[in-house]
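In what follows, a single structure is set out as structure tokens and then discussed.
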Amino acid sequence: MSENEQKSKDFIREIIDHDLETGKHDHIHTRFPPEPNGYLHIGHAKSICLNFGIAEEYDGLCNLRFDDTNPSKEEMEYVDSIKEDIHWLGFDWDDRLYFASDYFQQMYDYALELVKKGKAYVDDSSAEEISAYRGTLTHPGKESPYRNRSVEENLNLIQRMKEGEFKDGEKVLRAKIDMSHPNLNMRDPIMYRILHASHHHTGDKWCIYPSYDWAHGLEDSIEGITHSLCTLEFENHRPLYDWFIDQLDDVYHPQQIEFARLNLSYTIMSKRMLKQLIDEGYVDGWDDPRLPTIKGLRRRGFSPASIRHFCKEIGIAKVNSLIDYAFLEHCVRQDLNKTAPRFMGVLRPLKVVIDNYPEDQVEYMEAVNNPEDESAGTRKIPFSKTLYIERTDFMENPSKKFYRLSLGREVRLRYGYFIRCTDVVKDGDEIVEIHCTYDPETKGGYAPDGRRVKATMHFVSADHAVDAEVRLYNRLFTVEDPAGVKNKKFTDFINSDSKETISHCKIEPNITSLKPYDTFQFERNGYFVIDPDTTSDHLMINRSVALRGKWKNFRHQQKK
RNA sequence: AGCCCCGUGGUGUAGUGGUUAACAUAAGAGACUCUGGAUCUCUAGUCGCCGGUUCGAAUCCGGCCGGGGCUGCCA
């Protein structure tokens, strides 16, 4: 990867530079703190690239910390999946794998400290009562009748909460701050709730669990995080983050900095909506290639390098933005163009008979594997009397801008011969096959007399072709921001053409050397990847992204 | 309505008081080409509005307008 050293820094890196210059810090330590309640998606990738990326750039460290404070939603399965996805993206946390739940005792001790200082109290109010007392955006809240219990009583109660004397929801521990604070988060926020649930990491050791606001700053503090990076919706929580840490004696105070989360056009990022798409059968699972999940992107054939590059290029800011899906595609093409080996694959085969080519002859033509990378070498491609070309490469009545094959016209078969179409065989309106003649002098695709042809087309020898099922994927939604349309459900905008499956595609035999998740280019068609469901007798291929093409754009415009 | 955050080409990002406001992408045109790919060249397009400070404002100040977030015992 060629890094542009001159690239200007985002506001977070500027803060870090400043903190280093002023001596506030002499090292940098970040963290990626996922909650293990779902699969990672490209929005998380942005955060991962930011946190692990900063650690790399500043010669610092980045922890992986599971923020597992809610046993009712979290599972071990997600822990493993998240670790796998981070590794796949190309990042590593070495021995710094942490769980918030490992700090539960320490957090509890800190909570006792607040109770003793009169800064926290046990509230017997119901959830409904607490909500009613909170007030509204414009009106101050009311103090709970339990707010002024003595320190001794609070101490006694919180200990009994911990011992399991009370049922779920019977009591909570609250910070005593200000019920009329204009920031709702400061109106005596809940620190602990009672949850008699088994935790995937701590088992049944605890029946009270800390809330995010109470826990997160302490987690950062305990790990010595210098810069705690999170998304914009936590901005209003920062005063609380700071308040909790400031109440405690001699506790290290990390700095929380918020940035805008990633929004990508024509898709959705919310865990809830992602789950709904799967549960209701709109897609085939968490790794469906149409999904923006890391597992989906991987199965789509998007490389880790291209995703990292994407995350770097979109930048970090505080404005809510919507990134063009086309930009992601650009990043994928840019990487794959340099790295993907080329193959010939005919998606919609049209049979071609070369009338003047010897009946049983087979020639092996040399083809370059990657014109962008000489070290990729060459391979041999069979050429014979009966071939397949792309149906879209032949037009009986060519339009003025179409310069591929038609009756009487000569084109080049890539790495093969020049051929000229002499006849079209039809069954009703359907073209069954076409007949051509070849020029033996043009072997390899070169004309000794220097004559030019307008088009070069891919082909596959019929007898040597491997059959494959190819899935062509398109955007999942028909509108840029499906989740943001008023009075409509996001599912109203599902693109019914998001997946097109084509059977009996004809592929050059060399394709069998590839394994699942290997990416490659079908020349003139796009970038593809071997699907993991491929078996020895059933090759399945997914299209990652089509090649850019003026012809496709032209046709598209004509349709409109 | 209260508090907080944010407004730079279509999209995204830079620009931090001083040339013709930059880069990427998308769009259009052309060159080249054994991928209608890649590469190269060119074109069009931007500082939300109004005032103020200043010799000079995208940048500093005020007001307005617009967008987003916040009323879970979720994170």
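In what follows, chains carry the letters A, B, and so on, assigned in the order in which the sequence lines appear, proteins first and then strands, with residues in each chain numbered from 1.
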Below 4.0 angstrom from OP1 or OP2 of G37(B), is there any side-chain N or O of Arg342(A)? no
Which part of the nucleic acid, if any, lies within reach of Pro371(A) when heavy atoms closer than 4.0 Å are counted: base, sugar-phosphate only, or nothing? base
Arg272(A) near the nucleic acid: base, sugar-phosphate alone, or nothing, with a heavy-atom cut-off under 4.0 Å? nothing
From CD of Glu480(A) over to C1' of A26(B), roughly how many Å is that when rounded to an integer? 11 Å
Can you say whether a donor on the side chain of Arg404(A) sits under 3.5 Å from an acceptor on the base of G36(B), or the other way round? yes
Tell me, please, whether Tyr133(A) has Arg147(A) positioned over its six-membered ring: NZ or CZ under 6.0 Å from the ring centre and within 45 degrees of its axis? no
N or O in side chain of Arg134(A) less than 4.0 angstrom from C73(B) OP1/OP2: yes
Take atom C1' in C23(B) and the same atom in U8(B), then report the distance between them in whole Å. 13 Å
Considering just the side-chain nitrogens and oxygens of Arg187(A), establish if one lies under 4.0 Å of OP1 or OP2 belonging to U71(B). no
If you look at every strand shown and take non-hydrogen atoms under 4.0 Å, does Ser72(A) touch a base, only sugar-phosphate, or nothing? nothing
How is Val319(A) classified with respect to the nucleic acid when contacts are heavy atoms under 4.0 Å: base, sugar-phosphate, or nothing? sugar-phosphate
Which one, G15(B), G2(B), A26(B), comes nearest to the side chain of Pro182(A)? G2(B)
Whether Arg412(A) contacts U35(B) is assessed here as follows: a side-chain N or O lying under 4.0 Å from the phosphate OP1 or OP2. Is that the case? no
Syn or anti for G30(B), with syn set at within 90° of 0? anti
Does any donor-acceptor pair link the side chain of Glu372(A) with the base of G37(B) at a separation under 3.5 Å? yes
Donor-acceptor pair (no angle test) under 3.5 Å: His237(A) side chain, A75(B) base: yes
Can you confirm if the NZ or CZ of Lys162(A) lies within 45° of the ring axis of Tyr108(A) and under 6.0 Å from the centre of its six-membered ring? yes
For a quick check of understanding: with a heavy-atom distance under 4.0 Å over all strands, which category does Glu14(A) fall into, base, sugar-phosphate or nothing? base
Classify the nucleic acid contact of Ala317(A) as base, sugar-phosphate or nothing, counting any heavy atom under 4.0 Å across all strands shown. sugar-phosphate
Out of curiosity, Phe418(A) CZ to Arg451(A) CZ, how far, rounded to the nearest 0.5 Å? 6.0 Å
NA contact type, Leu195(A), heavy-atom cut-off 4.0 Å: base, sugar-phosphate, or nothing? nothing
With a 3.5 Å cut-off and just heavy-atom distances, do the side chain of Asp324(A) and the base of G10(B) make a donor-acceptor pair? yes
Side chains of Asp220(A) and Gln256(A) only: does a donor on one sit below 3.5 Å from an acceptor on the other? no
Roughly how far, to the nearest 0.5 Å, is CG of Leu229(A) from CD1 of Ile54(A)? 5.0 Å
Nearest-angstrom distance, C1' atom, C60(B) to G72(B): 41 Å
So Tyr446(A), base contact, sugar-phosphate only, or nothing? Heavy-atom distance under 4.0 Å. base
For Phe327(A) and G10(B), give me the distance from atom CZ to atom P, rounded to whole Å. 18 Å
Length of the line joining Glu235(A):CD and C4(B):P, which is rounded to integer Å: 11 Å
Just checking Asn236(A): base, sugar-phosphate only, or nothing, at a heavy-atom cut-off of under 4.0 Å? base
When all nucleic acid strands are considered with a 4.0 Å heavy-atom cut-off, which category describes Tyr192(A): base, sugar-phosphate, or nothing? nothing
Under 4.0 Å between any heavy atoms, over every strand shown, what does Ile323(A) touch: base, sugar-phosphate, or nothing? Just pick one. sugar-phosphate
If I take atom CG in residue Leu264(A) and atom P in nucleotide U25(B), what distance separates them, rounded to the nearest angstrom? 17 Å
Take the protein atom CG of Leu322(A) and the nucleotide atom C1' of G67(B), then report the distance between them rounded to whole Å. 13 Å
Heavy atoms only, 4.0 Å cut-off, all strands: where does Ser125(A) land among base, sugar-phosphate and nothing? base
Determine: side-chain N/O of Ser126(A) to OP1/OP2 of C73(B), distance under 4.0 Å, yes or no. no
Atom CD of Glu35(A) to atom P of G72(B): distance rounded to whole Å? 18 Å
Would you please confirm or rule out a distance under 4.0 Å between OP1 or OP2 of C5(B) and any side-chain N or O of Arg261(A)? no
Can you tell me how far CD of Glu129(A) sits from CZ of Arg134(A), rounded to the nearest 0.5 angstrom? 12.5 Å
Between P on U11(B) and CZ on Arg475(A), what's the gap in Å once rounded to a whole number? 16 Å
Quick check with a 6.0 Å cut-off and a 45 degree axis cone: is Lys380(A) positioned over the face of Tyr364(A)'s six-membered ring? no
Rounded C1' spacing from G37(B) to C5(B) in Å: 44 Å
Quick one: the side chain of Gln521(A) and the base of U35(B), do they pair up donor-acceptor inside 3.5 Å? yes
